[in-house]
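The structure under discussion appears below in the form of structure tokens.
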Amino acid sequence: MRLLSGLFSSQRVPSSRNRFLVLDMGGGYIKGGILNIHKDDGFHGEVLVCKKERRETFFDDYRTILSYEELRGNILRMLSALRGAVKEDIPKNVILVCDQLFVGVRSFVLKEYREKTKGKIDQGELQNILQHMYLEIQKQVSKESNNDTKIVDTQIQELHIDGYAVENPIGYEGKELTVNVAVTYIPQTNIEIIKKITDELSFDSVSLFSDIFCAQFVHSFDGSAFSRDSFLVVDIGEYTTQVCLVKGGKFVKARYCNVGFSNFIKKIASELQIGFTEAEHVAIQYARGGLSARSHANIDSMLSHEKMLWKNSMTIVFEEMGELSKLPAKILFIGGVSQTDFFKKLAAEEEDILSFFESGEAPKLIETKKAFPFISGQLDTASSNAYYNIYCASSIFRVNLRENGTSRSLRRLLK
């Protein structure tokens, strides 16, 4: 259904534009990559290089508003690292990936009653209907968030005419059009900060995606159509843990808690009286089972409070999904250290957590995809989780570019 999302607003992509800068703005790190689109090869995409830089304000308290100075400094360091790796100019078209620290995501179901019920729906009428729905979503988002926010991405997931599902409503008759649409929205303050930086750096276009949407897309898209699979996406970041519910291949809702990997790192640094970087190394070795039995037992005991905090936070997140009955018995873990046994056990052994799943037993753990829709490049095992969002965003961007014939995301969204 994403072929319809371009109807909200679109801009023809000049054939000369074929290289894109992809930036993943996480809570602890900023990751960057360069995407090359081969238009003479069916819009095949290739990620040429990936780099990451630690955010300078990593020790700051949790916040949802971007820092202009900090973000600008990190992007400049990232551009320098990428420029050194590829030995050529950095693309001026940028794709931004943000997590729920800085953007909001949710889904809406909207209905529109047609004035001319006997006539067939044409392109103009559909455009008007979708535009009216877009304005209604913008109104609801602004009201519910209690601040000035703007929708920056829309993904139409399902469309019905008089209760019957259709791929494309053009040419159909009917009275009632129902659309299930997922949206990404961002506070106006963050929009102005991103706009100021991208203007200063002379970027030509700006796209923005939610990391949750990107992961959901890649694992619901099988190369030609969308699957009907149901699963949870659990994204373990430095500051937060995000959870996304996908049912029947469609995004339902997302929640997050303010507990991430940094809670464990800070505890180790405090208890062992070592620096943060050294503590991070110890925490990663612990999570991956790389410590001696004695050291592992000591760290395990040391982190008992943090593990309980994470479990309790996840329980609250799952409770917020409660009106949807039992959760799917599959979990996809993403994030820097999410594929380690440590976090898999945290989510699969706690009785309070297991009670939310369909079987009441440990959910099946889904492996992150090794191949991405129409995207190639070197994503080695050691860095696969760190750069996962770069590849996911590249995939969703390429599919939108190919299937729409236009890119509603490749434009100056942040005016």
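- For the residue pair S304 and S301, no side-chain donor N or O sits within less than 3.5 Å of a side-chain acceptor on the partner.
- The existence of a salt bridge linking K52 and D24 is excluded, since no basic side-chain nitrogen approaches an acidic carboxylate oxygen closer than 4.0 Å.
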**OP:** Determine, step by step, whether I34 and F20 satisfy the side-chain contact (heavy atoms from CB on, under 4.5 Å) criterion, reporting the C-alpha distance in whole Å, the side-chain angles of both residues, the deciding distance to 0.1 Å, and the verdict.
**Re:** CA-CA 6 Å; I34 294 179; F20 307 89; over 6 Å; no
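- Salt-bridge formation is detected for the pair R19/E88: a Lys NZ or Arg NE/NH1/NH2 atom is positioned less than 4.0 Å from an Asp or Glu carboxylate oxygen.
- Within the 6.0 Å centre-distance limit, the rings of F372 and Y388 are counted as a close aromatic pair.
- Panel note: side chain E167, backbone L159; no donor-acceptor pair is recorded below 3.5 Å.
- Annotation: cation-pi geometry not satisfied between K31 and Y387 (NZ/CZ under 6.0 angstrom from ring centroid, within 45° of ring axis).
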**OP:** Would you please test V97 and L23 for side-chain contact (heavy atoms from CB on, under 4.5 Å) and show each step?
**Re:** CA-CA 6 Å; V97 188; L23 296 177; over 6 Å; no
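- Considering every non-hydrogen atom in both T368 and I334, the closest pair reads CG2-CG2, 4.0 Å.
- One N or O on the side chain of N74 and one on the backbone of E70 form a donor-acceptor pair closer than 3.5 Å.
- Across all their heavy atoms, A269 and G275 have their closest contact at CB-O, 4.4 Å.
- Looking at E319 and T315, their side chains never bring a donor and an acceptor atom within 3.5 Å of each other.
- Contact of the C244 side chain with the D235 side chain is not registered, since no non-hydrogen atoms from C-beta on lie closer than 4.5 Å.
- A distance-only check finds no donor-acceptor pair linking the side chain of K307 to the backbone of F264 [under 3.5 Å].
- Using a 4.5 Å cut-off on side-chain heavy atoms (C-beta onward), L21 and N93 make no contact.
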Original post:
Yes or no on side-chain contact (heavy atoms from CB on, under 4.5 Å) for L232 and V243, after CA distance, side-chain angles and deciding distance?
Top reply: CA-CA 7 Å; L232 286 172; V243 179; 3.9 Å; yes
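- For the residue pair D153/Q155, the side-chain donor-acceptor check at 3.5 Å is satisfied.
- Looking only at side-chain heavy atoms (C-beta outward), V181 and M133 stay at 4.5 Å or farther from each other.
- For the 3.5 Å distance criterion, the side chains of N180 and Q157 qualify, holding a donor opposite an acceptor.
- Residues I186 and T149 have side chains not in contact (no heavy-atom distance under 4.5 Å, counting atoms from C-beta outward).
- At least one donor-acceptor pair closer than 3.5 Å links the side chain of S210 to the backbone N or O of I212.
- Between the side chains of Q127 and Q123, no donor-acceptor pair of N or O atoms lies under 3.5 Å.
- A distance-only check finds no donor-acceptor pair linking the side chain of S142 to the backbone of K139 [under 3.5 Å].
- A parallel orientation is assigned to the rings of H44 and H38, their planes being inclined by less than 30° (bins at 30° and 60°).
- Taking the ring axis of Y68 as reference, the NZ or CZ atom of K196 stays within 45° of it and closer than 6.0 Å to the ring centre.
- Nearest heavy atoms, L82 versus G33: CD1-N, 4.2 Å.
- Considering all non-hydrogen atoms of both residues, V246 and P328 come closest at O-CG, 4.0 Å.
- Closest approach of S313 and V259 over heavy atoms only: OG-CG2, 3.4 Å.
- A distance-only check finds no donor-acceptor pair linking the side chain of Q216 to the backbone of K250 [under 3.5 Å].
- Residue E320 comes nearest to R255 through the heavy atom pair OE1-CD, 3.0 Å, listed as atom of the first residue, atom of the second, then distance.
- Counting only heavy atoms from C-beta outward, the side chains of V94 and S207 never approach each other to under 4.5 Å.
- Contact check for Q188 versus I191: side-chain heavy atoms found under the 4.5 Å cut-off.
- To the nearest 0.5 Å, atom CD of residue E367 and atom NE2 of residue H219 are 9.5 Å apart.
- With hydrogens and angles disregarded, no donor-acceptor distance shorter than 3.5 Å links the side chain of T240 to the backbone of Y256.
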**OP:** Give the intermediate values and the outcome of side-chain contact (heavy atoms from CB on, under 4.5 Å) for residues V183 and F108.
**Re:** CA-CA 8 Å; V183 302; F108 293 86; 3.6 Å; yes
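- Inter-residue side-chain proximity for T154 and T184 is flagged as unmet; no heavy-atom pair is nearer than 4.5 Å.
- Under the 3.5 Å distance criterion, the side-chain polar atoms of T198 are matched with a main-chain donor or acceptor of I194.
- A salt bridge is absent between R83 and D89; no separation between the charged side-chain nitrogens and carboxylate oxygens falls under 4.0 Å.
- Side-chain atoms of W310 and T241, non-hydrogen and from C-beta on, do get closer than 4.5 Å to each other.
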